[in-house]
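Some notes on the structure that comes next.
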Amino acid sequence: MAQVVRISEIAKFEGREVTLQGWLYNKRSSGKLWFLLVRDGSEIIQCVVFKNDVSAETFQAAEKLTQESSLRITGTVSADKRSPLGFELQVREIEIIQIAIDYPISKKEHGIDFLMDHRHLWLRSRKQHAILRIRHQIIHAAREFFDDRDFILVDSPIFTPNAAEGTTTLFETDYFGSSAYLTQSGQLYAEAGAMAFGRVYCFGPTFRAEKSKTRRHLTEFWMIEPEVAFFDLQDDMQLAEEFVSHLVQSTLKNRQKELETLERDLTKLANIKAPFPKIHYREAVEILKKNGSNFMEGDDFGAPDETIISEQFDRPVIVHHYPAAVKAFYMKRDSRQPEYALAMDMLAPEGYGEIIGGSQREDDYDTLLKRIRENGLSEEAFRWYLDLRKYGSVPHSGFGLGIERTVAWIAGINHVRETIPYPRTMQRLYP
RNA sequence: UCCGGCGUAGCUCAAUCGGCAGAGCGGGUGGCUGUUAACCACUAGGUUGUAGGUUCGAGUCCUACCGCCGGAGCCA
């Protein structure tokens, strides 16, 4: 065995003998010659086995290897123009660790249900690698954005005693004889954090028991939620557009190869720079009317409406001042036009839908208490939340960005289920 | 929950008007010293989702159920 290296760093070892540890991705033969595609998690490299250059045992080992068998393979790194990677391994020795029998995912196409049943194995494939590396990059960029702006990470609990959004979409679980709910949003706790630290964010999984079967929905999805004291709606929208610009530009800069693997149109991403267009709800309604939608003013937008609106722009569009009636109880109303909430949504281009929802929060104790009562929510469960309006209440705002929809949009993936390692939907709790 | 679609080999799909259930991939065997989802030859592999019905005859038509896919509503 020679020095063990990662394939991603193979260029540094040209002309030297190295050992790779990994799995067989695919193989081809040509008589006295085997071409082994070996992956180690970082990259895939073609390893060439000439019958005349290796021992009989090693040549037999090459013959015996099946797809996804694990191995150590030793040889000399050589530059080769025919290789997509630019380098090959001229093999001297193969050590089989385990022969994989009947690996279920073949090189040809599969249906989505089959692939999702084998999600734990599907993660090994090229496309899934590209998507999850992009997800990693977006999460990294998101943390970097807030950390660089002096935000403190203050995570919210996952077990909660109360609802943040509609009560019909809560997952209820037994909690030592009483009920707890899986969080739908970390926002309410982030508000408490903002009153403590000024600017905070939380990042974690959230859960919605919505019976949605669409390409934009999961029952478990990850959300990053900043919350800032003394921010009004304008400040909030500006933060959101700078944030999303950063996510896109960081991915474009650091994951170009993965975006190309996914055949993403990079020119569309290059445009995504702040400022973004910002339109009042009423302007959005005008757009819908002009484009032949039978939309009723006063409603919230449906998915087809969002697509029509977002198609008017070459970058995400922020719609603000939604009718208060269709928005959550904690959103502050505009004092000059109280039928509208100081709310905003960011709609991604190309039909990817809403990626951000945010608002300026109601900061008046009596008004918030009234809203809680109007919505039939438990005053007792929200006692702590009301405290924030009792002890030094200030204007504050925040938003939540759904990671999976953002990854789907940036990576150009049709369905959010491929943007998370183990998607949870109404139909799927396995693997 | 509602609307629409699909269930055939391990996988992806064919099967004309209701008339012998087939191909590619994957597996096995053999061949090939530069392949890129390699190729060539041979080969094994089937309770056509389940239950019932119509018919001389059902993968195909009808009913119910189950599973999945897409969409709506709801949302990020």
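Numbers restart at 1 for each chain; the letters A, B, ... are given by sequence-line order, proteins then strands. Excluded from the calculations below are hydrogen atoms, water molecules and symmetry mates; all remaining heavy atoms, backbone and side chain alike, are included.
Side chain of A/His110, nearest nucleotide from B/U12, B/G71, B/G26: B/U12. Nearest to the side-chain atoms of A/Ser106 among the listed nucleotides B/A76, B/G26, B/A38 stands B/G26. Among B/A76, B/G34, B/C32, the nucleotide with an atom closest to any side-chain atom of A/Ser29 is B/C32. Here B/C11 is the nucleotide among B/C11, B/G71, B/G73 with the atom lying nearest to any side-chain atom of A/Phe114. When each of B/C75, B/C32, B/G71 is scored by its nearest atom to the side-chain atoms of A/Lys213, the top-ranked nucleotide is B/G71. Minimum atom distance to the side chain of A/Phe50 is reached by B/G34, of the listed B/G34, B/A37, B/A76. Distance from the side chain of A/Pro304 is smallest for B/A72 among the nucleotides B/A72, B/U35, B/C74. Closest approach to the A/Lys211 side chain among B/U1, B/U36, B/C74 is made by B/U1 (side chain taken as heavy atoms from C-beta onward). Checked against B/A38, B/C75, B/U33, the side chain of A/Asn26 finds its nearest nucleotide in B/A38. Listed nucleotides B/U36, B/C75, B/U33 differ in distance to A/Arg405; the shortest reach to its side chain belongs to B/C75.
Look at the P atom in both B/A9 and B/C66: the space between them is 22 Å, to the nearest Å.
Between A/Asp314 and A/Lys268, none of the side-chain N atoms (NZ, or NE/NH1/NH2) sits under 4.0 Å from a carboxylate O, so this pair counts as no salt bridge. Using a cut-off of 4.0 Å between Lys/Arg side-chain N and Asp/Glu carboxylate O, A/Glu404 and A/Arg135 are scored as salt-bridged. Salt bridge A/Arg264/A/Glu258: absent, no basic N to carboxylate O contact under 4.0 Å. The pair A/Lys278-A/Glu241 counts as a salt bridge, with a side-chain nitrogen and a carboxylate oxygen less than 4.0 angstrom apart.
We find that the ring of A/Phe35 and the base of B/A38 do not stack by the test of centres under 5.5 angstrom and planes tilted less than 30°.
At the heavy-atom level, A/Arg216 lies under 4.0 Å from base atoms of the strands shown.
Nucleotide B/G71 holds its P atom 14 Å from the CE atom of A/Met426, rounded to whole Å. As rounded to whole Å, 10 Å separates atom C1' of B/A38 from atom CD of A/Gln46.
Along RNA chain B, the nucleotide nearest A/Gly357 and the nucleotide nearest A/Trp34 are compared for position; the residue whose nucleotide lies closer to the 5' end is A/Trp34.
Between A/Phe207 and A/Phe171, the ring-plane angle classifies as perpendicular under the 30° and 60° cut-offs.
Applying the 90° criterion around 0 to the glycosidic angle, B/C17 comes out syn.
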